[in-house]
Amino acid sequence: AGRLQGVWPGGPGASDHRVRWEATRLQVRMSGTPLGLLLELDQPVDLAISAQGHLNAQAGALRLTPQWTGAPSHTFATQPARLEWEGLRWANGHLDSRGRIAPVSLSWINAWMASPDRPDGPLAEAGFSGDLQFEGVWDVSLPLSGSGSGTAPARARLDGRHLGGDLTYLSGSGTELQRTPVGLEALQLGIQWQGQQATAQALLATSQFGRLQGRLTTQLTPPGAAGEGWQWRPDAPLEGELQARLTRMAPLSAFAPPGWRIDGEGQADARLYGTRAQPEWQGRIDLRRLALRAALDGIDFSDGELAARL
């Protein structure tokens, strides 16, 4: 339920319509997933809506409380998150907004990604569980339509990072089941967008499995007068790099065919170039102490080595 109070001036000389958003208690549920959210407004928010359709909203905050349908099949965080925005403006097809959301639990993300044929979620099925919590921050100034004239160029920064908690990796089965703390040291994802150029960077560092770091830069095509939004065209150029230093490769078993188990250690250094439609990699992969077991396919070897050039 929610409540709006406002003053709506009339006549040809009418200025902004002043509206106060006083209370909200809204339940949101996504089809096909067991997770829903209860949204509650912290305090009243004043809005100004012009006759031209421009919108200005003062700073505010929503409390997001997770709600689970039925009994969770695995550990599920119930701590609410807080969504805060430092004002919001929409005018001439241009959006300006800054804000933060935290803490967001890994178990929420896993539940949102669940489906009827994968009720435990992809992360749990891959053998991962834990109490990880994340923070997300945004600062955007984006033209979202080509109809506005004289709007500022696109500028955006999106950042996500690990706030606390750790992951546990489950391997083996039955009496051979092992639980290994990942020892998460850093998990960061950032996107910077200036004009038509966008760069994404990611870092994953653990004490038990190693380190993975990557960067990708590309170009986006801005909205046109015909009404199409931002586009990542097939001929958009790509430029990036990937470095991996893995002390244990066991978690990669999650991406192998069912019943396959992979382990070992290795490193990779690669560069990406070309276009979105025709990406090309150049670099080197070195694997040591490589072990692969697939009982149903009759594969079982260890102490292998692989050196490959891309």
Side-chain angles (χ1 to χ4, degrees), residues 1-10 14-31 33 35-68 76-109 111-112 132-145 147-148 151-165 188-194 223 229-230:
R3 185 168 66 250
L4 291 174
Q5 280 191 346
V7 176
W8 301 83
S15 59
D16 290 353
H17 306 305
R18 303 289 178 179
V19 181
R20 169 158 287 194
W21 183 13
E22 290 193 338
T24 286
R25 185 179 174 88
L26 178 66
Q27 288 185 319
V28 178
R29 192 164 300 281
M30 295 178 62
S31 176
T33 73
L35 182 68
L37 287 175
L38 174 63
L39 280 60
E40 298 174 285
L41 188 67
D42 265 15
Q43 59 187 16
V45 173
D46 289 329
L47 311 173
I49 305 173
S50 74
Q52 294 77 29
H54 301 169
L55 170 68
N56 279 279
Q58 70 169 181
L62 281 169
R63 185 167 61 254
L64 285 64
T65 304
Q67 296 184 322
W68 189 281
F76 180 73
T78 58
Q79 179 183 0
R82 184 176 173 87
L83 175 67
E84 304 171 342
W85 61 91
E86 301 176 19
L88 182 149
R89 184 173 185 270
W90 169 263
N92 297 322
H94 198 106
L95 173 69
D96 291 275
S97 177
R98 290 190 300 174
R100 172 183 183 268
I101 181 171
V104 177
S105 169
L106 177 69
S107 62
W108 297 16
I109 299 172
W112 272 321
L132 284 185
Q133 292 185 333
F134 301 93
E135 172 192 50
V137 178
W138 74 90
D139 183 355
V140 301
S141 179
L142 292 177
L144 297 181
S145 73
S147 58
T151 58
R155 175 191 58 78
R157 180 167 184 169
L158 309 173
D159 292 297
R161 69 182 183 92
H162 167 232
L163 282 180
Q188 300 172 2
L189 174 64
I191 298 175
Q192 290 189 325
W193 187 347
Q194 187 69 46
W230 284 91

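Nothing fancy with the numbering, it's 1 onward along the sequence.
- Scanning both residues, Leu163 and Ala102, for their nearest heavy atoms gives CD1-CB, 3.9 Å.
- Scanning for side chain to side chain contact (heavy atoms under 4.5 Å, CB included) contacts around Ala57 gives Leu47, Leu88, with sequence neighbours left out.
- In terms of the side chain to side chain contact (heavy atoms under 4.5 Å, CB included) criterion, residue partners of Trp138 (sequence neighbours excluded) are, by chain and number, Leu83, Trp85, Ser97, Val140, Leu158.
- Not counting sequence neighbours, Gln192 has no partner by the side-chain hydrogen bond (donor to acceptor under 3.5 Å, both in side chains) test.
- Take Asp96 and apply the side chain to side chain contact (heavy atoms under 4.5 Å, CB included) test, not counting sequence neighbours, and it matches Arg89, His94, Ser141.
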>> I'd like to know whether Arg157 forms a salt bridge (charged side-chain N to carboxylate O under 4.0 Å, His left out) with Asp159, so could you lay out the CA-CA distance, the side-chain angles of the two residues, the decisive distance to 0.1 Å, and finally the verdict.
In response: CA-CA 7 Å; Arg157 180 167 184 169; Asp159 292 297; 2.9 Å; yes

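- Looking at Pro223 and Trp230, their side chains come closer than 4.5 Å, going by heavy atoms from C-beta outward.
- With rounding to the nearest 0.5 Å, the separation of CD in Glu135 from NE2 in His162 is 12.0 Å.
- Under the rule for a side-chain hydrogen bond (donor to acceptor under 3.5 Å, both in side chains), Gln188 has no partner lying at least two apart in sequence or in another chain.
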Which atom pairs, donor and acceptor, lie under 3.5 Å between side-chain atoms of residues 58-66 and protein residues at least two apart or in another chain?
| residue | atom | partner | partner atom | Å |
| --- | --- | --- | --- | --- |
| Gln58 | OE1 | Asp46 | N | 3.1 |
| Arg63 | NH1 | Asp42 | OD1 | 3.4 |
| Arg63 | NH2 | Glu40 | OE1 | 3.3 |

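- Rounding to the nearest 0.5 Å places CG of Leu26 at 11.0 Å from CG of Leu41.
- Residues meeting the side chain to side chain contact (heavy atoms under 4.5 Å, CB included) test with Gln194, sequence neighbours left out: Arg155.
- Trp193 contributes atom CH2, which lies 5.0 Å from atom CG of Leu142 (distance to the nearest 0.5 angstrom).
- Minimum heavy-atom separation, Trp108 to Pro103: CH2-O, 4.5 Å.
- Rounded to the nearest 0.5 angstrom, Leu55 CG and His17 NE2 are separated by 12.0 Å.
- The environment of Arg100 atom CZ is dense: over 12 non-hydrogen atoms of other residues, nucleotides or ligands sit within 6.0 angstrom.
- Under the rule for a salt bridge (charged side-chain N to carboxylate O under 4.0 Å, His left out), the partners of Glu86 that lie at least two apart in sequence or sit in another chain are Arg98.
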